[in-house]
Each structure stands twice: as structure tokens, then as C-alpha cells.
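Scroll down for the structure; my scribbles are underneath it.
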Amino acid sequence: DPLLRHHHHRPRRRSSSSSSPSSQKCAFRTPTHGALRPSASRPSTNSASEPAFCAAGTITTGPYTFLLLTPMLTTNVRAPRKLASHLRVLHVQLCELVPAPHAQDGRVLSVAHHAQLENHARAYLAEMHACAEELRTIPHTGDAEADSEIAAEHMRMQWAVSIWELAVLVFLRRPLVLGESFGLWWLRNFCSGVAEHKLHELSAKDATAPVDLEEFWQTLRTLIVQGLLEQAVELVNLHPQMRAAALPSAARSAGAASTVETLLMRLEALLEHFPRLRDRQLLQPSPEDVNLRPGGGAALQAFNIKWRVWREDVSELLRSAPPSDPEAKQVIQTARLLAGEEDAIANATGGAWHATLLARLLLSEPTRLRWDIHELLPSAEGLPLEEKAMLAILADNPYAARDAIRAAHGDGWLVTHLWDILWRARIVELGTFTADSTLDSRQFSILQYAKALGEREPLWQLAVEYASDVQFNGQLCDEARAFIIDLLKRHETLRLHAFKVRKLLHVCERFNLTASAHELLNAYETSQRAKRGAAPAVAEFAARAAVPPIEALFSGDAVSTEDARLKTIAQQALEEALAISPLVRGGGSKAEAPMLAELRAKLRSASLATPGFYDGPQWLPSYLGLLELLHSGTDDAVKMRQLCISFFTVTLGAVPTFDVPQPVVDRLLALLAAVEKEPALPEHFTLMPPTHRWPGDTSPPLFDVADTYTLLAHAERLKAQVPGMSAGVCAGGSLLAHSLREREQGISHRLIHNLADAFLT
């Protein structure tokens, strides 16, 4: 059992200053108890050995806004971010392995699920230890403020580890008796190791060297109240009288020394045969019932017999020790401690409540059941918030423990994951946390943790994941949805790049946040435009366009500013490509193409989302490809034909509204039909009539029958949408119809000739 490991295997910390006993300081003893203050500086990485959990910074007992996620730490230190990520992975695994109580219709937790909870609790603890170790070994930066923040964070991490381990022991493992398990927890978290250090110093001395007997007996009693009985036996054998007994008889002193030697030997025997409650039955999860199982009752009965016999031996030692000899008085004082007398315990522990509790459970009431421990606990008034949480845990009150943890560490990962485990273990009941919220206490903690994560830009994805856990009947709660929307809005104002925008849009798609997706795309397009410099306004686009703006051709429909802007950019980009392309007669200029760059930015921003959530116009990819081909001057008629037909096919399937750039369609039809002298495409890019073919040329035209039908459908749609024209017939009286009639007839004439040529070949 991991709780029965020998204490020598517990992890060690390295000292920040001198290795002498007087300079070693305990991490969790506060001035409230009259104990040593923590060290003011972080330990260096090359210092001497130090006791477990020695201080790495001052203990701050005020509430923390958010444990482990201060701005400096999330920016420059990887340990807190790694911890948050690893805890999320473990949380997701736990949700899969141990279902929620309501998913099992309130059934009792199975043995297998309880084992999974214990395993994950230990996995959580391992990640915390790894984070604490990484924080401890961070080299000094030279910045006093940064070093102080890291040191304080390391101290908070140690407090969190201690609270988590104790909560798992009391709430999850729930042993019948707590003494031995509590002792191991105390040794790992509160023991300064000064007594052990003195033991090692004394054992390294020569047998004839002088010994400070007052310090010797104080160290012995400290080892006893810490539960280190093996070390106490070792120390007794280092007493000058016991060392003298091991020397040849000629070197031994006689007379009164034999009495002290006898008392020491009896004391050694008592320490060596000290009864320990280490039966595995007593460490199993137990309900509040003394008759929980036959094994537990039998183990307690057997221990009680040993305990009574051992206590009789202690009483006999007290009666037989002569009170006149100074060393005999020390033996009597130690025997009084073994007998569990309150004043002897207070003198040996220094008055610290946790050390006093451990001494009572070991020496006075070892069979006190876990659910009766609260009778031994002191008042929490005046104690640090972390110690208040520990007292609430020992009192087996998870609700008071949660309140104390929140007061000490805020709504961070500690209270969030601990409360989730206790809920899955059926230890706590969930109720509405606040009067103005529909969330239960677990959901409230998760959402608060998500909000704290969302305050740090590098951790926004973790924030979304935790917020997505706040659901009701399989749907995201309104509070969580509002938080995610607010988080997305905040990121619109931050630096955007394509990879990040894809992630943000994936969140929009996941939770069906269409409005947020549009806002993100607009923000990204604006940021891309800003990189290239300020683009002209929409009015300037329309003024520079070689063709009339859309609103001039089609009246009577309301067009949004963004739609009008896009259509105007599309028209102007086509004119730019024609003016620059070396393939076009009348083109080949060296002018820049800002509108083409605008379309590129629009395509990049609109295509960042997944295919199921594509936000841009469906015609834009093929249209931009066609413009890029013209702009580059690539003489590839087949590729040009593929892009044209792709563009026309997409726009043909659309509802005839302003979603389709009809002026662009008209312009492209005119170019393909070659009804204008300049600018004009190369003949092998156009709908060439049969009279322009070379003699004997029997190859099919560039556009086949299906292609021509697609182009004809567009020509007829365009005529139907222009006022005063219907299927190529002029209704008279419409100036626009008269101006377009000659052009329209030329397009229709070329299309019909191409269709006949395609049929014949």
C-alpha cells in the first residue's frame, strides 16, 4: 500500500541557505504557531540537502484571484500552463471512465469506479508535484519581482499539494482509523526534518565525544511525536550510557550508571515494540459504521490487546524510575509522553495543532475512528486560510473545505477538480450555487475556472473546453455560451493570424455561433488589409471602376454595404487584371493591383473555417483563380476554361440575387464572346466562330456543348434581370435596354455559333 511506504522514500527539497539545523525552516509552519518563518528567497539549485517541503517563499494567506495563472507566469514560465493542460487531459479521461452519478440513476459507486477515482486522484497529485518541482528548479532571473512571484507561486503550489493529498485521504480513501495515514501525510508536508538531521550528526560523532544531553532528549521526544519510532530507537542507542554499555567491561563506569542504563534499555524496548495500526483492513474505504466488516473489527480488537499490554509496560517504567537522577528524570518525561499526557505532548510538539493532533492519534487515542476526529480539532479562528481548509477536511466537512479553499486559492483548478472528483465519488450533493444562477456548485466552479483561464491569452482554448462542460440536458448552458461569445469578442481585438482564426472559427462552428464567426472574419480581413496599408473606401472603388456600380444596373433591391463593397471590388479587380495581363490586347501595364490583393485577403479570411462552415462566397475561389491566371500572364486556355466554367456553374445554381456578381458575369461573357475590341482575350481563349478556324482544323472548340449551355443560361438570366429586356427582346422605352441590346446580340450570336460548332465536331 502506498500509504505504508517508509518515510525515507519521501521526496526531499534542497536548502536555500545554511545546512545547519538552526537555519532550516518548515514550509507550512506560520508565525501563528510560534514556529519558524519561511525563507524569504527561493532555494538555489546547487545548495545543500534540506528537509522535505522547506520554504521557497513567504506564505501568503490572502485570497488569490487565480492560482498558478498570473500574467508573468503564463508568459515566461511553462510549468503552470503545462499543469493546466495535463489536468485537462486527466479530467477528460476521468469523465469517460467514471460516469456522472445521474447517468447511473443514483446507484452506489462500484468498486471499479472507486479505484479509477483513486488512480486519477494520484495522477492529479503527480502532476502537481511535477509542477512544484519545476517551479522550484527555475534559476534566478535577476529580477527581484519575478523571483518573488515564482517563489510565492511555488509556496502556493505546495499548499495546494498538501490540501489535495489530505482531501483524497479523508474524503476518497476514507480509512477506518486515520492515525498512521495522517502521520505519513504530515511527514511529507509539515515535518522540518531537524530532528533527523540532529540524529545523523550525533551518529557521525565518535563514541567518546561529549553530547548535549538536553538537546538529545528533546530530539528523542520530537522523533516520537512525529511517529519516527525507528529513528527514536536508533537515537536511544546513541546515548552515552548505551554506547558505554557496548564498550569492553574495563572501560565502563560503575555504580549509578547501571540504573540509567537499565532505564534506557527498557525505554528502547518500549519504542521498539510500539503498537502500530497498519492493518490493511483499517485502510480500506469505510462508511460511518463501526461494524463495517468483520476484518476491521477483528483488527481493532487485536490491536487493543497489544495496546493495553504496552501501556502497562509504560506505567511500570514510570513507577520504577528514580526521580532523583537527572537522566532518570528525562526518561520519566519521555515515558509520560509515551503515556499520552497532554502537557508532555504540548512540550514536545511546540503547540502546533497538526503536530499535536498527530501525537494524540499515535500516543493517546490510536483507535479513534475517522468520523470522530473532529472532537480533537482546535478552533480555526486566527489560522491561515489553507489550514482552515485542512481542519474542515479533517472534520469530514467537504462543503466547509470548499469554501476555505475558494477563500485561499480562488476558483482555480484546485477546487474545480477536487469538487468534480468528490461529486463522482458520491461524497457531495450539488445544489444551486447562487440565487441569481441556474448552475449547480460543480458547474459554477468549472465556469469560474474557465473565466480565469480566459483572462490569459495563451490559455483561451482550455477556457473554451472547460466552458463546454457546463451543460444542461446535453445543451450548452446560457452562462457558458455568453462567456464563449465574450471570449471570442475579446480575441477579435488581439493579434490575429490564419492559424488562430481557424481555431476560433472552429469554436463558432462547434457551438453554432454564426454572428461571432462573421465578426471574426471581418476582423481578420481588416487586420490583413492593415498589413498592406489603408485601402481606399468603397466610394473610391466605385469611382475608379471601369463599369457602372451594381446599384446603377439593378435597382429596387436593398444591398448591404458589405455586399456592395465586395461586388465593387470584384469588378475593379477584373479590370485591373485585364489592364495588367500581357495576354490581353490593350493590357500589359505595370500598374499595381490593390483590388486583386483585397480579393486575396477576402478569400483567405473566408476559407479559414472548416468546409462545413465556409463563410465566403462560393464563386470567389474560382473567380480569384481566373484573375490570378490573367494577372500572371499564363497562356493556359484549358485551365482558363475550367476556371470560367467553375465560376459560371456556381453562380448559375445560386438564387438570382446580389449574392452573385451579375455585372462580373456580364463582363466575362462579353470577353469570352469577344464583342469588344479592347481589352480583348486571345482568340484561343474565346468563343471563336467557325469562320476563324484554320482550313482543315477539325478539333473541337474550347467550350463544348455543356459549357455553352451554361453560358447561354447566364446570358438569358442577365437579360431577364435588366429592366426592359426579356429573353433578348427589347421592350422599347428603356435606355438601359437600348444600350445593352447591341452588346447582348453579339454575345448571343457567338454563343449560338459555338454551340453549333460543338455539335458538329
Side-chain angles (χ1 to χ4, degrees), residues 1 3-8 10 52 165-166 169-170 173 175-196 199 217-236 267-280 282-283 299-300 302-315 317-318 333-378 390-391 394:
D1 193 297
L3 289 176
L4 298 180
R5 293 176 297 178
H6 196 272
H7 71 280
H8 279 310
R10 66 182 187 270
E165 189 176 352
L166 183 62
L169 170 63
V170 175
R173 293 186 62 87
L176 182 64
V177 291
L178 201 60
E180 293 292 337
S181 301
F182 179 75
L184 291 173
W185 170 83
W186 187 90
L187 287 172
R188 283 191 291 269
N189 297 285
F190 279 87
C191 182
S192 66
V194 173
E196 292 177 274
L199 169 63
W217 287 105
Q218 183 61 41
T219 302
L220 177 63
R221 287 189 281 271
T222 301
L223 291 173
I224 292 173
V225 295
Q226 291 177 354
L228 303 176
L229 280 303
E230 294 86 353
Q231 285 80 357
V233 171
E234 183 181 349
L235 183 59
V236 169
L267 179 61
E268 178 193 9
L270 287 173
L271 294 174
E272 191 172 356
H273 295 90
F274 182 83
R276 308 298 291 258
L277 263 176
R278 290 176 171 174
D279 192 284
R280 290 185 62 86
L282 304 176
L283 300 177
L300 285 177
F303 175 82
N304 280 327
I305 295 174
K306 295 179 181 179
W307 181 254
R308 284 195 297 269
V309 173
W310 185 83
R311 291 295 292 267
E312 284 295 330
D313 293 340
V314 173
S315 300
L317 177 61
L318 282 171
Q333 182 66 20
T334 305
R336 291 179 60 234
L337 177 63
L338 293 176
E341 296 185 12
E342 288 296 325
D343 58 340
I345 290 177
N347 290 331
T349 60
W353 70 264
H354 39 76
T356 302
L357 176 63
L358 174 61
R360 286 178 176 176
L361 293 178
L362 292 177
L363 304 172
S364 179
E365 302 183 61
T367 57
R368 180 174 283 270
L369 302 177
R370 184 197 71 251
W371 48 84
D372 293 331
I373 294 293
H374 65 90
E375 299 174 358
L376 302 179
L377 300 177
M390 293 175 181
L391 288 174
L394 290 169

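- Residues Leu361 and Leu376 have side chains in contact (heavy-atom distance under 4.5 Å, counting atoms from C-beta outward).
- Minimum interatomic distance between His273 and Trp310 (heavy atoms only, all atoms of both residues): O-CD1, 3.5 Å.
- Side-chain contact between Leu362 and Val225 is absent, with no heavy-atom pair separated by less than 4.5 Å.
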* To do: Go through Phe182 and Leu187 one step at a time and tell me if the side-chain contact (heavy atoms from CB on, under 4.5 Å) criterion holds.
  => CA-CA 9 Å; Phe182 179 75; Leu187 287 172; over 6 Å; no
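- Panel note: side chain Arg370, backbone Leu178; no donor-acceptor pair is recorded below 3.5 Å.
- By the 4.5 Å heavy-atom criterion applied to side chains, Leu169 and Pro175 are counted as neighbours.
- The salt bridge (Lys or Arg N to Asp or Glu O under 4.0 Å) pairs that include a residue from residues 350-366 are Glu342-Arg360, Glu365-Arg368, where partners are two or more places apart or lie in different chains.
- Within the 4.5 Å cutoff, the side chain of Gln226 has heavy atoms near those of the Cys191 side chain.
- The side chain to side chain contact (heavy atoms under 4.5 Å, CB included) test applied to Ala232 returns Leu220, Leu223, Ile224, Leu271, not counting sequence neighbours.
- Interatomic distance, Gln231 CD to Glu196 CD, rounded to the nearest 0.5 Å: 5.5 Å.
- Taking CG from Leu358 and CG from Leu363, the interatomic distance works out to 8.0 Å, rounded to the nearest 0.5 Å.
- Atoms CZ and CD, from Phe274 and Glu230 in turn, are 10.5 Å apart once rounded to the nearest 0.5 Å.
- Note that CG of Leu338 is 12.0 Å distant from OG of Ser364, once rounded to the nearest 0.5 Å.
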* Given Asn189 and Leu166, is the side-chain contact (heavy atoms from CB on, under 4.5 Å) satisfied, shown in steps? -> CA-CA 10 Å; Asn189 297 285; Leu166 183 62; over 6 Å; no
* Passes side-chain contact (heavy atoms from CB on, under 4.5 Å), Trp307 versus Leu277? Steps please. -> CA-CA 10 Å; Trp307 181 254; Leu277 263 176; over 6 Å; no
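- The side chain to side chain contact (heavy atoms under 4.5 Å, CB included) check on Asn304 picks up Arg308, Thr367, with sequence neighbours excluded.
- Here the CZ-OG distance, from Arg336 to Ser315, works out to 12.5 Å after rounding to the nearest 0.5 Å.
- Counted by atom type alone, Trp186 and His354 present one or more donor-acceptor pairs between their side chains at under 3.5 Å.
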* **Stepwise side-chain contact (heavy atoms from CB on, under 4.5 Å) check, Phe303 with Val177** => CA-CA 12 Å; Phe303 175 82; Val177 291; over 6 Å; no
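- Here CD of Glu165 is found 10.0 Å from CE of Met390. Values are rounded to the nearest 0.5 Å.
- In this structure, the side chains of Gln218 and Thr222 come closer than 4.5 Å at one or more pairs of heavy atoms.
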